[in-house]
Amino acid sequence: MASNFETSIHRGSDLFFDFSCYTCKGNDRNTEAEFYCEDCCKIYCGKCLEHHNFLYQKHVTLDKKNFSKWPVSDATFDVLEQCEVHKNRKLETFCEDHSALMCTVCHVYNHK
């Protein structure tokens with residue numbers, strides 16, 4: 001039973017990661033990123049990093065020991081994009097009168 005569980009983790013599971021591999025995410029796989037490429041500005045899992053490094057040998061990659069140099073996590077980015085009033089909506093418009101970002105619902109009802 002444990003081996004089946006481990007296999008599902010390696011293939012990509014429904015777990016939430018702060019950083020998901022850029023390449024895997026593009027292929028509908030959920031894999032935790034372990035490396036960041038400063039040249040590409042992308043994050044990769046170990047398997048995808050092997051392919052990346054084969055193609056781009058001179059790129060500088062950082063592991064999690066240099067985590068402070070990584071970009072903002074997916075989770076933090078989602079919170080930053082979230083409307084404070086309508087938590088399930090993303091900030092999509094800008095009100096020039098109030099100099100504020102807001103979701104479309106706020107814009108329609110509060111900022112005509």
Side-chain angles (χ1 to χ4, degrees):
M1 179 81 172
S3 63
N4 290 340
F5 179 70
E6 289 171 5
T7 302
S8 70
I9 290 174
H10 292 296
R11 289 187 181 161
S13 66
D14 290 337
L15 295 174
F16 177 78
F17 301 116
D18 285 335
F19 292 96
S20 295
C21 174
Y22 171 78
T23 306
C24 290
K25 194 174 185 179
N27 292 310
D28 295 325
R29 293 185 60 186
N30 185 22
T31 309
E32 184 173 20
E34 301 169 21
F35 301 92
Y36 172 67
C37 175
E38 288 185 316
D39 297 290
C40 295
C41 297
K42 304 273 189 273
I43 51 180
Y44 301 101
C45 66
K47 185 174 181 180
C48 291
L49 183 73
E50 289 178 23
H51 297 289
H52 169 273
N53 288 347
F54 179 77
L55 296 171
Y56 306 104
Q57 296 174 1
K58 294 184 180 183
H59 280 198
V60 176
T61 55
L62 305 171
D63 61 11
K64 287 192 174 182
K65 292 176 188 172
N66 296 304
F67 193 72
S68 62
K69 296 180 182 178
W70 284 38
V72 175
S73 74
D74 295 343
T76 302
F77 191 72
D78 287 344
V79 170
L80 293 174
E81 277 190 330
Q82 184 179 43
C83 176
E84 291 180 15
V85 178
H86 306 98
K87 301 292 185 192
N88 62 336
R89 306 289 299 213
K90 290 190 181 244
L91 301 172
E92 299 172 317
T93 61
F94 182 77
C95 177
E96 291 184 20
D97 295 336
H98 297 97
S99 297
L101 286 169
M102 63 197 65
C103 73
T104 54
V105 175
C106 285
H107 187 258
V108 168
Y109 291 106
N110 302 324
H111 296 266
K112 291 183 181 180

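For the single chain, residues carry numbers from 1 onward in sequence order. Values in this document were obtained by computation on a predicted structure and should not be read as measured data.
Pairing each heavy atom of C37 with each of C40, the nearest pair is SG-N, 3.3 Å. Summarising the geometry of I43 relative to S20, their closest heavy-atom pair is CD1-O, 3.4 Å, with the distance given to 0.1 Å. Taking all atoms of both residues into account, the shortest heavy-atom contact from A100 to M102 is O-CE, 3.5 Å. Across all their heavy atoms, K42 and Y22 have their closest contact at CE-CZ, 3.2 Å. Contact between C21 and Y44 at its shortest, heavy atoms only, is SG-CA, 3.7 Å.
Distance check, rounded to the nearest 0.5 Å: NE2 of H98 to SG of C106 gives 11.5 Å. A distance of 9.0 Å separates NE2 in H86 from OG1 in T104, rounded to the nearest 0.5 Å.
Using a 4.5 Å heavy-atom cutoff, the side chains of T61 and H52 are in contact.
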Problem - side chain to side chain contact (heavy atoms under 4.5 Å, CB included) between C45 and F35, worked out - result: CA-CA 6 Å; C45 66; F35 301 92; over 6 Å; no
Exercise for the section: Could you go through the side chain to side chain contact (heavy atoms under 4.5 Å, CB included) check for L49 and E34 one step at a time? Expected result: CA-CA 9 Å; L49 183 73; E34 301 169 21; over 6 Å; no
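Note on ring orientation: taking the six-membered ring where Trp is involved, the planes of H59 and Y56 are parallel (angle under 30°, cut-offs 30° and 60°).
Shown here is K64, whose NZ atom has more than 12 heavy atoms of other residues, nucleotides or ligands within 6.0 Å. By the 6.0 Å contact criterion, CD on E92 is enclosed, its count of non-hydrogen atoms from other residues, nucleotides or ligands being greater than 12.
Hydrophobic cluster membership is shared by V105 and V108, with clusters built from Ile, Leu, Val, Met, Phe, Trp and Tyr side chains linked at under 4.5 angstrom.
D63 contributes a side-chain N or O that, together with a main-chain N or O of K65, makes up a donor-acceptor pair within less than 3.5 Å.
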